[in-house]
Visitor: 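Got a structure here, written out as structure tokens. Questions coming.
If you're wondering where the values come from, they're calculated on a predicted model, not measured in any experiment. The figures here come from the full heavy-atom set of this structure, side chains too, leaving out hydrogens, waters and symmetry mates.
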Amino acid sequence: MSKILKIITSLILLSLLAFVIRTVYFKVYGISVDEIVNNAVNQAEQVVEDALKKADRAVEKSLKQTESAADKTIQQVEKDIKEQLNK
């Protein structure tokens, strides 16, 4: 039981030490957590924007194809009706 307690205590101390080192490193080199978060948000927004543009293009293409197919079907139906009327 005491070994487990020592391991848990060591892990907690290592976590605290890592946090302190990270904080000091960020302060020394002028790195802002807000800046990192803002950069990540901007990148995520760009990815979403690009995905939306691609989706819009795909929908437009699909709509054009559907419209074209509908026009061809209408023309064929009109042709068939004319043939039936001429009989």
Side-chain angles (χ1 to χ4, degrees):
M1 185 69 175
S2 67
K3 283 187 177 185
I4 294 174
L5 189 57
K6 286 181 181 179
I7 292 172
I8 291 173
T9 306
S10 297
L11 289 174
I12 290 171
L13 289 175
L14 279 174
S15 296
L16 288 173
L17 182 62
F19 177 77
V20 169
I21 291 171
R22 180 194 63 93
T23 303
V24 170
Y25 180 81
F26 282 7
K27 291 286 185 191
V28 167
Y29 290 101
I31 299 171
S32 168
V33 174
D34 290 337
E35 183 180 321
I36 293 170
V37 170
N38 286 337
N39 287 341
V41 168
N42 289 339
Q43 288 175 353
E45 286 176 346
Q46 186 63 42
V47 168
V48 169
E49 186 177 314
D50 291 345
L52 287 174
K53 285 179 183 178
K54 287 179 182 178
D56 283 345
R57 285 193 295 263
V59 168
E60 286 177 14
K61 182 178 178 182
S62 177
L63 286 173
K64 286 179 184 177
Q65 289 173 346
T66 302
E67 186 178 326
S68 175
D71 288 343
K72 289 178 184 177
T73 302
I74 290 170
Q75 290 172 356
Q76 184 63 40
V77 169
E78 287 174 348
K79 181 180 173 185
D80 291 347
I81 290 172
K82 286 180 184 177
E83 287 177 3
Q84 290 295 325
L85 289 175
N86 287 335
K87 285 187 179 179

Visitor: Between atom CD1 of I81 and atom CD of E78, what is the distance when rounded to the nearest 0.5 Å?
Guide: 7.0 Å
Visitor: Do you reckon Y29 sits in the same ILVMFWY cluster as F26, going by side-chain contacts under 4.5 Å, direct or chained?
Guide: yes
Visitor: Quick one, Q75 with D71, criterion side-chain hydrogen bond (donor to acceptor under 3.5 Å, both in side chains). Give me CA distance, side-chain angles, the key distance, then yes/no.
Guide: CA-CA 6 Å; Q75 290 172 356; D71 288 343; over 6 Å; no
Visitor: Rounded to the nearest 0.5 Å, how far does NZ of K54 lie from CG of L52?
Guide: 11.5 Å
Visitor: Identify every side-chain donor-acceptor pair in residues 32-42 under 3.5 Å, counting partners at least two apart or on other chains, and give the distances.
Guide:
| from | atom 1 | to | atom 2 | distance (Å) |
| --- | --- | --- | --- | --- |
| S32 | OG | D34 | N | 3.2 |
| S32 | OG | E35 | N | 3.3 |
| N38 | ND2 | D34 | O | 3.3 |
| N39 | ND2 | E35 | O | 3.4 |
| N42 | ND2 | N38 | O | 3.3 |

Visitor: With a cut-off of 3.5 Å and sequence neighbours excluded, list every side-chain donor-acceptor pair involving residues 10-19.
Guide:
| from | atom 1 | to | atom 2 | distance (Å) |
| --- | --- | --- | --- | --- |
| S10 | OG | K6 | O | 2.8 |
| S15 | OG | L11 | O | 3.0 |

Visitor: Indicate every side-chain donor-acceptor pair of residues 57-68 with a distance under 3.5 Å to a residue at least two apart or in another chain.
Guide:
| from | atom 1 | to | atom 2 | distance (Å) |
| --- | --- | --- | --- | --- |
| T66 | OG1 | S62 | O | 2.8 |

Visitor: How would you list, by chain and number, every residue that makes a side chain to side chain contact (heavy atoms under 4.5 Å, CB included) with V24, sequence neighbours excluded?
Guide: V20, V28
Visitor: Partners of Q76 by side chain to side chain contact (heavy atoms under 4.5 Å, CB included), sequence neighbours excluded?
Guide: K79, D80
Visitor: How would you list all residue pairs meeting ring pair (Phe, Tyr, Trp, His ring centres under 6.0 Å) that involve residues 57-87, not counting sequence neighbours?
Guide: none
